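Report on the structure given below.
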2 protein chains.
Amino acid sequence: MEPGTRQIMEADRVRAPNIRDVARLAGVSYQTVSRVLNNSESIRPSTKQRVIEVIDEIGYRPNQAARALVTSKSRTLGVLTAQTAHYGPATSLRAIEIAAREAGYLISTTSLISSDYDSIVENLEYLMNQAVEGMIVISPQVRVFEAIKQLAIRIPLVTLDSTGRDAPRSLSVDQIAGAKMATRHLIELGHREIVHLAGPQDWIEAEARMRGFLDEIDEADLRTHPPILGDWTAEFGYHAGRELVGYRDFTAVFAANDQMALGLLHAFREAGLDLPRDISVVGFDDIPEARHYWPPLTTVRQDFAEIGRRSIAILLDEIHGDARVDLAQILPELMLRDSTAPFASH
Amino acid sequence: MEPGTRQIMEADRVRAPNIRDVARLAGVSYQTVSRVLNNSESIRPSTKQRVIEVIDEIGYRPNQAARALVTSKSRTLGVLTAQTAHYGPATSLRAIEIAAREAGYLISTTSLISSDYDSIVENLEYLMNQAVEGMIVISPQVRVFEAIKQLAIRIPLVTLDSTGRDAPRSLSVDQIAGAKMATRHLIELGHREIVHLAGPQDWIEAEARMRGFLDEIDEADLRTHPPILGDWTAEFGYHAGRELVGYRDFTAVFAANDQMALGLLHAFREAGLDLPRDISVVGFDDIPEARHYWPPLTTVRQDFAEIGRRSIAILLDEIHGDARVDLAQILPELMLRDSTAPFASH
DNA sequence: CTTAGTAATGTGAACGTACACATCGCCAAT
DNA sequence: ATTGGCGATGTGTACGTTCACATTACTAAG
């Protein structure tokens with residue numbers, strides 16, 4: 001191509017300024033500009049100053065693609081999540097995003113539409129194609145682990161679950177402890193017939209909460225019906241509640257999340273029951289609305305934002321090779337409100 | 001560097017396979033592999049087949065950074081959002097992510113921590129540094145537009161608001177129409193003293209809902225107090241409700257979102273009022289929980305997922321140069337439930 | 001049997017940056 | 001005056017891909 005032609009093209013589509021443009025205008029070599037960009041030492045303050053001025057003046061932005069290409073570091077972390085519209089995951093995700101940005105990392109999120117195996121694989125492939133340096137799995141489901149193993153994913157991985165699975169490092173609020181606290185609270189109030197409205201059993205959190213419930217029931221030498229397996233929604237809680245009022249062989253319900261608890265309250269009240277006198281209800285999560293339900297919901301609080309922040313800290317540590325952040329579990333907290341009351345036979 | 005040294009390095013850290021490795025193993029040139037990757041025509045099926053087999057076999061993944069560098073297309077879209085933990089934005093965001101992925105685009109999200117001008121600029125800069133090809137602003141606030149203008153951002157932009165501002169193309173559920181529907185409903189029930197619990201006024205949606213309310217009040221020749229300016233939370237709704245019960249110079253409240261409506265219900269019920277006989281309440285959004293509030297909330301439904309999908313469609317159209325998707329506003333829908341009742345003086 | 005035309009494939013260059021190494025200039029110690 | 005050392009800056013090259021253009025293989029028409 002002749003020089004002339006070239007110049008016309010350049011004039012045509014204004015090329016974004018690059019490191020050499022900056023260098024030329026600042027009267028230094030491109031390498032010096034690179035050093036400024038990467039905060040290298042051994043650069044004279046006056047030179048640095050001059051370069052920075054040129055950068056600001058012409059609005060130069062480093063080309064991330066070129067950087068990624070040469071360093072073979074994408075500075076991107078992948079997040080695999082389901083149900084992001086829910087308060088918990090959404091809050092964690094937001095904290096993750098902010099923490100990642102502060103550390104200079106980009107987040108690439110992928111939301112599972114369906115939870116079948118192929119879909120999970122497809123989503124993981126998507127993240128791998130972004131050359132993510134590490135991965136966080138929020139609200140993990142059992143099949144996700146199979147897929148990760150199957151794909152032989154080798155990058156650092158942090159999952160937000162409580163079970164300490166083999167492959168990845170995991171972290172979360174201690175779901176089992178939370179469920180036990182909730183259940184114990186009901187037992188201490190004198191309830192003996194307690195129903196558990198659980199989450200979908202392929203969700204690790206749901207499984208853990210159910211385990212905590214059953215353990216506590218067991219320790220108190222009580223009996224219980226097999227838990228009802230729900231889908232986290234208020235709608236399901238409502239229908240389960242309508243079903244339950246037909247039996248009345250229980251005095252309290254522990255729901256695996258606040259939304260389902262809300263559905264229960266709705267159904268019970270609609271059936272003319274007096275809450276919490278007739279039936280006590282405990283939820284899980286302590287979403288901001290829970291304290292304004294009627295009656296205000298007794299529930300187990302977990303700090304979703306803190307989980308998000310810590311997961312990033314752990315992941316970055318692992319990426320940088322110093323796995324020193326401890327995985328101490330975060331303890332949840334029982335929030336006592338008005339949806340639970342002592343059991344009084346009447 | 002001598003060849004020998006080089007080989008040791010390669011053996012040291014296993015380099016990911018590149019297009020040339022594939023080409024060598026398939027017995028073709030790298031350009032042919034490139035053609036297969038880009039679905040170029042005029043390539044013999046048998047050749048294509050062979051290349052694909054090699055790709056699968058050695059697990060080759062195209063290097064996105066190299067692609068982005070040479071094409072100067074990042075295939076990334078930026079999303080600027082606030083309050084992502086809320087149901088509405090979170091739902092839209094999820095739909096955006098899924099739609100973008102289907103179109104082969106990556107989403108880079110940035111959440112506004114604070115809404116001051118500097119913070120907005122910082123977040124926009126962050127997105128520009130990712131070389132995003134287009135931008136979506138969810139739940140836009142007024143200052144965002146100033147910042148965009150100030151930074152002279154030239155990439156395609158879609159905002160999710162209802163006001164048809166000058167610079168960008170915008171799209172949303174018609175907030176004003178929704179607010180008018182809610183207000184008219186209350187008026188038709190016979191209410192004459194209606195209070196509006198508005199959202200923060202630097203939020204464009206909040207402003208639009210308030211405008212709709214005031215317009216409708218005006219058209220019905222009614223009077224109203226100046227709206228209460230809230231912050232979207234149930235907590236605020238609750239405190240506003242406690243304040244309001246002291247006056248009792250109204251018979252209905254239109255809250256700018258469901259969460260604040262929930263807080264109102266809580267406060268009113270706590271004050272011993274009979275809902276909806278004593279006071280009618282209307283919300284906005286129709287989050288999934290709204291129908292399970294007590295009483296089930298009359299509210300204005302908007303389809304957040306649809307907004308998300310459409311915004312991507314519009315943005316991609318604009319990026320590809322054919323701006324043909326129309327911006328017809330999506331109409332919201334009034335969901336009649338039990339939190340509103342005819343006004344009867346008693 | 002030649003020739004033209006097209007389908008299929010190959011070659012050279014460029015994208016913008018960071019790394020490894022080379023060079024320059026200066027000052028202190030001999 | 002010479003040397004060594006170090007701080008500051010410059011030069012060559014590679015990263016993996018696509019684009020523009022060049023070449024080869026094949027097919028059909030004369």
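Every chain is numbered from 1, with letters handed out A, B, ... down the list of sequences. Being a predicted model, the structure only gives us computed values, none of them experimental.
In this structure, Glu146(A) does not pair ionically with Lys149(A), as no charged nitrogen and carboxylate oxygen lie closer than 4.0 Å. Ion pairing between Asp21(B) and Arg15(B) holds under the 4.0 Å rule for side-chain N and carboxylate O. Salt bridge annotation for Glu125(B)-Arg61(A): present, with a cationic side-chain nitrogen under 4.0 angstrom from a carboxylate oxygen. Classification of Glu306(B) and Arg310(B) as a salt-bridged pair holds, one side-chain N sitting under 4.0 Å from a carboxylate O.
The C1' atoms of five pairs define one axis at each end of the helix from dC1(C)-dG30(D) to dT30(C)-dA1(D), and these two axes lie 50° apart (to 10°).
Within residues 26-37 of chain A, the residues having any heavy atom closer than 4.0 Å to DNA chain D are, in order of number, Val28(A), Ser29(A), Tyr30(A), Gln31(A), Thr32(A), Arg35(A). Residues of residues 47-71 of chain A that place a heavy atom closer than 4.0 Å to DNA chain D, in numerical order, are Thr47(A), Leu69(A), Val70(A).
Ile19(B) has its CD1 atom 14 Å from the P atom of dT11(C), to the nearest Å.
The side-chain tip of Arg75(A) points at the ring of Tyr105(A) from less than 6.0 angstrom away and within 45° of straight on. Tyr30(B) carries Arg20(B) over the face of its six-membered ring, with the cationic atom under 6.0 Å from the centre and within 45° of the normal.
Using modelled atom types, one side-chain atom of Ser92(B) and one backbone atom of Phe304(B) make a donor-acceptor pair closer than 3.5 Å.
Two residues, Pro17(B) and Arg44(B), neighbour DNA chain D, and the one matched to the more 5' nucleotide by heavy-atom proximity is Pro17(B).
Contact annotation: Asn38(B) reaches the phosphate of dT18(D) (side-chain N/O to OP1 or OP2, under 4.0 Å). In terms of phosphate contacts, Arg20(A) brings no side-chain nitrogen or oxygen within less than 4.0 Å of OP1 or OP2 of dG16(C).
At a cut-off of 3.5 Å, with distance as the only test, no side-chain donor of Asn38(B) or Ser40(B) sits close to an acceptor on the other residue. Under the 3.5 Å distance criterion, with hydrogens and angles disregarded, no donor-acceptor pair is assigned to the side chains of Gln130(B) and Ser108(B).
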